[in-house]
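In what follows, every chain begins at residue 1, and chains take the letters A, B, ... in the order their sequences are listed. Please read these numbers as outputs of a predicted model, since none were measured by experiment. Any value given below was found using the heavy atoms of this structure, including those in side chains, with hydrogens, waters and symmetry copies removed.
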2 protein chains.
Amino acid sequence: MARPRKPLLSRARIVAAALALIDAEGLTALSTRRLAAELGVSGPSLYNHFPTKDALLDAVADTVIAQVDVTAFADGDWRTGLLGWARSYRAALAAHPHIVPFLAQGPGRRPAGLRMADAAFGGLVDAGWPPAQATRVCAMVRYFVAGSALGSFARGFVDDPGAYDPDTYPHLGQAHLLAEHRRRVDEGAFEAGLLALVDGLALHHPQVRPGGR
Amino acid sequence: MARPRKPLLSRARIVAAALALIDAEGLTALSTRRLAAELGVSGPSLYNHFPTKDALLDAVADTVIAQVDVTAFADGDWRTGLLGWARSYRAALAAHPHIVPFLAQGPGRRPAGLRMADAAFGGLVDAGWPPAQATRVCAMVRYFVAGSALGSFARGFVDDPGAYDPDTYPHLGQAHLLAEHRRRVDEGAFEAGLLALVDGLALHHPQVRPGGR
DNA sequence: ACCTGAACACCGTTCAAGT
DNA sequence: ACCTGAACACCGTTCAAGT
């Protein structure tokens, strides 16, 4: 066919198909050949739109981060801002857990990642946090969110009553039931942990007033 | 050569070489052929010791988790236990960041992973935490530790003063300096976050007394 | 500019063959 | 039991060739 009159591919179409494949079958299932086949073209075609597979993954990661809502910082109360950001951040990542290990390497030069970092850090500083502390708080939230989205805690245990020998693991008698309730367990732990973290921060930093500067 | 009188390989030797390769060049650098070459054998030899590459990674992951010290739970105070566990857990993972995405999928059937989960959960329950809350606390700590070890927060920003346009990202003027101080930033954020989390938990659960049951 | 097939140097894994 | 080389179906990426 060679070059068609209308391009068969676009960066947006490639990114969407890549994310769908990653969500459905995991990061390792994404190969350039497989993705190209899904898009109805041959493997090397992708290289007209992205220089490397890594650059494609960067674009996929950035569309995920672009979903994060940072507007909660607008009202000036840092607790409201932090809670809203963290919940939205977690929701965005948990919707696409297989790309989290790639994402969590940091924003690098990805625009949406930098926009989010800028808004969160700026929101904390504007609310009265000293810059060094604001950096730490951003890091903590990233740790907690990425860790919670990286892999289900509950699903980490196999769903098999005979899997965990009671003599060897005396406290894991109910662990195989976790898989069944994994969503409730994971969301409950995230929410409880987030609230504990925020209240702990407030406790340790009474000089940063709740209502903004 | 065929079969030698003394086996050339052992599971322990393979695991050690695999971990060294992962630490030095990342998870993607670990191929069965490359690892075999490093060990002075041909690729398929590894299949006499592990059924698949995944089983090998399971063994690597379990040796990392085996380094985690859970003895801090012995003294009965849950705060001491939790802090000791979390710090040791983070140290073990941060020493081998490239395997964290694999590790964080959960313990599955890995003995050291289950031993750690059993000790942490059991330690909290013995200290007076209701089982459902103890599960949550274990999940939170896993989230925070895995997220902090997964990738440096500080290294996530490129070390290039011109990388972040001040008009687009008004608050990231100093971000390129993070790379330089990454260890201090990451360890400081982890420690501050851990203390905030523990104090927040204590605040939210006053009925669990600090000294044990 | 944007697609193609052929080609290169890789993968994980299987298997028959050797001792 | 534990190693080997050959083979299979894959990879990411380059490149000359087509329109």
Side-chain angles (χ1 to χ4, degrees), chain A residues 1-62 98-99 101-103 105 108 110, chain B residues 1-62 98-99 101-103 105 108 110:
Chain A
M1 145 188 335
R3 172 162 127 90
R5 280 194 260 95
K6 192 110 202 302
L8 296 173
L9 297 176
S10 67
R11 285 176 60 99
R13 220 166 77 74
I14 296 171
V15 166
L19 185 54
L21 190 51
I22 291 168
D23 286 345
E25 305 190 33
L27 199 53
T28 53
L30 182 83
S31 74
T32 56
R33 290 159 194 260
R34 175 85 190 277
L35 176 60
E38 215 94 31
L39 288 162
V41 298
S42 82
S45 302
L46 301 173
Y47 289 83
N48 288 295
H49 303 269
F50 294 96
T52 61
K53 186 185 176 183
D54 236 57
L56 164 59
L57 281 173
D58 264 328
V60 172
D62 219 36
H98 292 127
I99 203 171
F102 185 88
L103 251 177
Q105 300 306 110
R110 297 195 295 262
Chain B
M1 147 189 330
R3 172 160 127 93
R5 282 194 257 94
K6 192 110 202 294
L8 295 174
L9 298 175
S10 67
R11 286 176 59 99
R13 218 165 78 76
I14 295 169
V15 166
L19 185 54
L21 190 50
I22 290 168
D23 286 344
E25 304 190 33
L27 200 51
T28 54
L30 182 82
S31 74
T32 56
R33 291 159 194 258
R34 174 86 190 276
L35 175 60
E38 215 93 31
L39 288 161
V41 298
S42 82
S45 303
L46 301 174
Y47 289 83
N48 288 296
H49 303 269
F50 293 96
T52 60
K53 186 186 175 182
D54 236 57
L56 163 58
L57 281 173
D58 263 329
V60 172
D62 220 36
H98 291 127
I99 204 170
F102 184 89
L103 250 179
Q105 299 306 109
R110 296 195 298 261

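Side-chain N or O atoms of N48(B) include one that pairs as donor or acceptor with a backbone N or O of S45(B) at under 3.5 Å.
For the pair N48(B) CG and dC3(D) C1', the computed distance is 7 Å after rounding to whole Å. Atom P of nucleotide dT4(C) and atom CG of L39(A) are separated by 11 Å, given to the nearest angstrom. The nearest whole Å value for the distance from the CD1 atom in I14(A) to the P atom in dC2(C) is 11 Å. Atom CZ of F50(A) and atom P of dT14(D) are 16 Å apart (whole Å). One interatomic measurement links the two molecules: CG of L56(B) to C1' of dT13(C), which rounds to 14 Å at whole-angstrom precision. Rounded to an integer number of Å, the gap from Y47(B) OH to dT4(D) C1' is 15 Å. Going from atom CG of L46(A) over to atom C1' of dT14(D) covers 14 Å, rounded to whole Å.
Base pairing annotation: dA7(C) forms a Watson-Crick or G-U wobble pair with dT13(D), both donor-acceptor distances under 3.5 Å. For dC2(D), the paired nucleotide is dG18(C), the pair qualifying as Watson-Crick or G-U wobble because both relevant distances are below 3.5 Å.
Contact detail for H49(B) and R11(B): the closest heavy-atom pair is O-NH1, 3.2 Å. Nearest heavy-atom pair across L56(A) and A18(A) is CD1-CB, 4.3 Å. In plain terms, the two heavy atoms of A59(B) and V15(B) that are nearest each other are CB-CG2, 3.7 Å. In terms of heavy-atom proximity, L21(A) sits nearest to E38(A) at CD1-OE1, 4.0 Å. The two residues L103(B) and R110(B) have their closest heavy-atom pair at O-NH2, 3.3 Å.
Taking only side-chain nitrogens and oxygens, S45(A) comes nearer than 4.0 Å to OP1 or OP2 of dT4(C). Listed pair H49(A) / dA1(C) fails the phosphate criterion, with no side-chain N or O lying under 4.0 Å from OP1 or OP2. OP1 or OP2 of dT4(D) lies within a sub-4.0 Å distance of a side-chain N or O belonging to S42(B).
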Protein-nucleic acid N or O pairs under 3.5 Å, nucleotides 8-11 of chain D:
{"residue": "dC11(D)", "atom": "OP1", "partner": "S31(A)", "partner atom": "OG", "Å": "3.1"}
{"residue": "dC11(D)", "atom": "O5'", "partner": "S31(A)", "partner atom": "OG", "Å": "3.4"}
{"residue": "dC11(D)", "atom": "N4", "partner": "R33(A)", "partner atom": "NH2", "Å": "3.3"}

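Taking every side-chain heavy atom of P44(A) into account, dA6(C) is the closest of dC3(D), dC3(C), dA6(C). Listed nucleotides: dC2(C), dT13(C), dC2(D). Nearest to the side chain of P7(A): dC2(C).
Two residues are said to be in side-chain contact when any heavy atoms from C-beta on lie closer than 4.5 Å; L46(A) and L39(A) meet this criterion.
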